[in-house]
Amino acid sequence: MKELLTMVKELSFVRTGGSEEEKRAGELIMEEVGRAAREAGREDIRGEYMPFRIPDAKVAKCAVQAAGREIPCVPFLRSGNIDRECELVYLDSASEIDFAGIGSLEGKAVLLNGLGDEEVYKRLVEHKASAFLTLQGKYYLTGEAVSLYPRRLREHFTRNGAIPGFAIPSAEALRLIQEEVKKVHLTLEQEDTEPESRNITAVIPGTDLKEESIVLTAHYDSVPVGTGAWDNATGTVALLAIFRHFAAHPARRTLRFVWCGSEELGLLGSKAYVEQHEDLLEKIGFCFNFDMCGTALGANKICVTGEKELTTFMEQYCKLAGYSAVIGTGVHSSDSAPFCDKDIPALGLSRESSTAEIHTIHDLLPTLSEKAMEKNVAFAIRIIGDVGNAAVLPVKKGMSEDTRKELDKYFHREEKKADKKDDKKES
């Protein structure tokens, strides 16, 4: 096998979900899967494409004009269309207090510090806002350094209604406020599309417990800026190295490898896998997910999603293995989450660093280390082998009550559950 960082370098190009570049990255993964199977003499193992459709949009026009100048901007995809002048309104935190007494926002564009909360978006809809603008980057960043790129308005927002949205550099937003600009002209023309993305899958049958399965995941797509070297060419390559090892040294249990497409668009690849393989879920007893590893500086991290005993198991296992790692519990915002939602316990193996950045133009190769990647891969192979060969899986399926609540929140189901409770009370 090539050196790990050589493979990371080959995959380090923009490869957004549903794009030709994502397709090319998938072909590189397929080539390596095929090569590993041949070198292991395993004619029974082969990679397969699993296509699925993703929600996207084709943008014809996107512009923000104010005070006689054109402001750099990108759209929120699938947020609707607009071509009008709007009064500009700034709301500090867009809290319930900020909205109190504000009245109708018809004909007004609301400038927000961010849009991470569905409650904020619901308030915009309820007050009939004509558009919204969010900030990106620090006030001192300009040009490419802002790392502006279009984001899709997720379904948990659009289920409340569509409001045309834009992202602009923080420096421009600051100028608008300091100059007390009253009006902005907004133009957004887009058409919803459904391009094809793909997962790459490969199965290594178990030796004698082949009816039991372990799933191993890593996403290979990237955001539209930077090269996605750390996030997640490293995880993709780590999973290829793990595949190569177990193709030659199979475990007792079946190992199901999934290189997921379109993770950056909302875990779309792993969600599609779970939806298309419901018949397998009962037999999958464990999930390992690889999302970012190999930084020269930083700390290993393990995200535990499952019952409390899984955390205890990992704490003791790391001591036995002599593997230094920060162990946290909760829902990992990565491709393990859809499996955890089906009561499959998971470990998210990664390596964090304050010296590197994801989702920006700075996600590049210099922060990575061959030695660090080798250590991450070696530990992963050891624990996957021990779990895959165990007489009995070390933890049972299921989620703790707190984790189940966190999953409901993560997948934006709290409101639906509350509605059902209210319906029962009324009846």
Side-chain angles (χ1 to χ4, degrees), residues 7-8 11-33 46-56 152 154 194-204 213-224 228-243 255-278 280-281 284 286-293 303 305 331-342 344 346-350 358-359 363 380 384 407 410-411:
M7 294 187 64
V8 169
L11 280 166
S12 293
F13 54 87
V14 172
R15 49 197 189 279
T16 54
S19 68
E20 285 299 312
E21 291 75 19
E22 185 196 46
K23 183 177 179 181
R24 179 158 67 93
E27 290 168 352
L28 291 174
I29 295 168
M30 280 286 279
E31 288 174 9
E32 188 58 36
V33 167
R46 65 181 186 277
E48 294 185 351
Y49 289 116
M50 192 204 101
F52 56 96
R53 294 287 174 181
I54 64 173
D56 202 353
R152 179 172 58 88
R154 302 288 173 85
E194 288 190 351
E196 182 178 277
S197 182
R198 298 187 293 183
N199 293 331
I200 294 93
T201 65
V203 179
I204 300 177
S213 294
I214 294 171
V215 66
L216 304 101
T217 56
H219 77 89
Y220 69 97
D221 65 312
S222 76
V223 298
W230 184 27
D231 184 18
N232 187 35
T234 56
T236 298
V237 169
L239 194 56
L240 283 169
I242 294 163
F243 174 82
L255 302 181
R256 300 184 181 276
F257 291 78
V258 189
W259 289 268
C260 301
S262 298
E263 186 265 1
E264 299 289 6
L265 301 179
L267 315 185
L268 300 185
S270 48
K271 286 178 180 177
Y273 185 91
V274 167
E275 290 170 3
Q276 293 186 31
H277 294 84
E278 287 188 15
L280 296 177
L281 299 181
I284 297 175
F286 213 93
C287 173
F288 289 92
N289 183 64
F290 301 87
D291 200 344
M292 304 188 304
C293 62
C303 183
T305 312
V331 177
H332 191 189
S333 185
S334 189
D335 286 308
S336 55
F339 293 94
C340 297
D341 202 35
K342 300 298 181 180
I344 297 169
L347 296 176
L349 304 180
S350 60
I358 63 170
H359 300 176
D363 186 354
I384 292 165
L407 282 163
Y410 183 82
F411 288 109

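What you are looking at is a predicted structure, and each value in this text was computed from that prediction instead of being measured. The figures that follow rest on heavy atoms only: side chains count, while hydrogens, waters and symmetry mates do not.
Considering only heavy atoms from C-beta on, Leu239 stays 4.5 Å or farther from Val237 through its side chain. Within the 4.5 Å cutoff, no side-chain heavy atoms of Leu216 are placed close to those of Phe243. A heavy-atom distance below 4.5 Å is found between the side chains of Arg24 and Phe13. Using a 4.5 Å heavy-atom threshold, the side chains of His219 and Asp231 count as touching. When side chains are defined from C-beta on, Tyr220 counts as touching Arg198, because their heavy atoms get closer than 4.5 Å. By the 4.5 Å heavy-atom criterion applied to side chains, Met30 and Tyr49 are counted as neighbours. Inter-residue side-chain proximity for Pro55 and Leu268 is flagged as met; some heavy-atom pair is nearer than 4.5 Å. Counting heavy atoms from C-beta outward, Ile242 and Ile384 have side chains that approach closer than 4.5 Å.
When all heavy atoms of Ser262 and Gly18 are compared, the pair lying nearest together is OG-N, 4.0 Å. For Trp259 against Ala202, the heavy-atom pair with the smallest separation is CZ3-CB, 4.3 Å. Of all non-hydrogen atoms in Thr234 and Met292, the two that sit nearest each other are OG1-CA, 3.4 Å. Among all heavy-atom pairs drawn from Phe52 and Gly269, the shortest one is CZ-CA, 3.3 Å. The two residues His332 and Ala337 come nearest to each other via the heavy atoms O-CB, 3.7 Å. Across all their heavy atoms, Leu281 and Lys342 have their closest contact at CD1-CG, 3.7 Å.
No hydrogens or angles considered: a donor-acceptor pair under 3.5 Å links the side chains of Thr217 and Asn289. For Ser334 and Asp291, the side-chain atoms include at least one donor-acceptor pair closer than 3.5 Å.
A donor-acceptor pair is defined here as one N or O able to donate and one able to accept, closer than 3.5 Å; such a pair exists between the side chain of Thr236 and the backbone of Asn232. In this structure a side-chain-to-backbone donor-acceptor pair under 3.5 Å is missing from Ser222 to Val14.
The CD1 atom of Ile204 sits 11.5 Å away from the CD1 atom of Ile214 when rounded to the nearest 0.5 Å. The CD1 atom of Ile344 lies 6.5 Å from the CZ atom of Phe339; values are rounded to the nearest 0.5 Å. In this structure, the separation between OG1 on Thr16 and CD1 on Ile54 is 8.0 Å, given to the nearest 0.5 Å. One distance of note links CG of Leu240 with CZ of Phe257; it measures 9.5 Å at 0.5 Å rounding. For the atom pair SG of Cys340 and CG of Leu407, the computed distance is 6.5 Å after rounding to the nearest 0.5 Å. The CE atom of Met50 lies 8.5 Å from the SG atom of Cys260; values are rounded to the nearest 0.5 Å.
Evaluation of the side-chain hydrogen bond (donor to acceptor under 3.5 Å, both in side chains) rule for Asn199 yields no partner, not counting sequence neighbours. For the side-chain hydrogen bond (donor to acceptor under 3.5 Å, both in side chains) test, residues two or more places apart in sequence or in another chain that qualify with Arg46 are Glu48.
At least one cation-pi condition fails for Arg256 and Tyr273: the charged atom is not both under 6.0 angstrom from the six-membered ring centre and inside a 45 degree cone around its axis.
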Mind running side-chain contact (heavy atoms from CB on, under 4.5 Å) on Glu196 and Lys23 for me, showing each step along the way? CA-CA 9 Å; Glu196 182 178 277; Lys23 183 177 179 181; over 6 Å; no
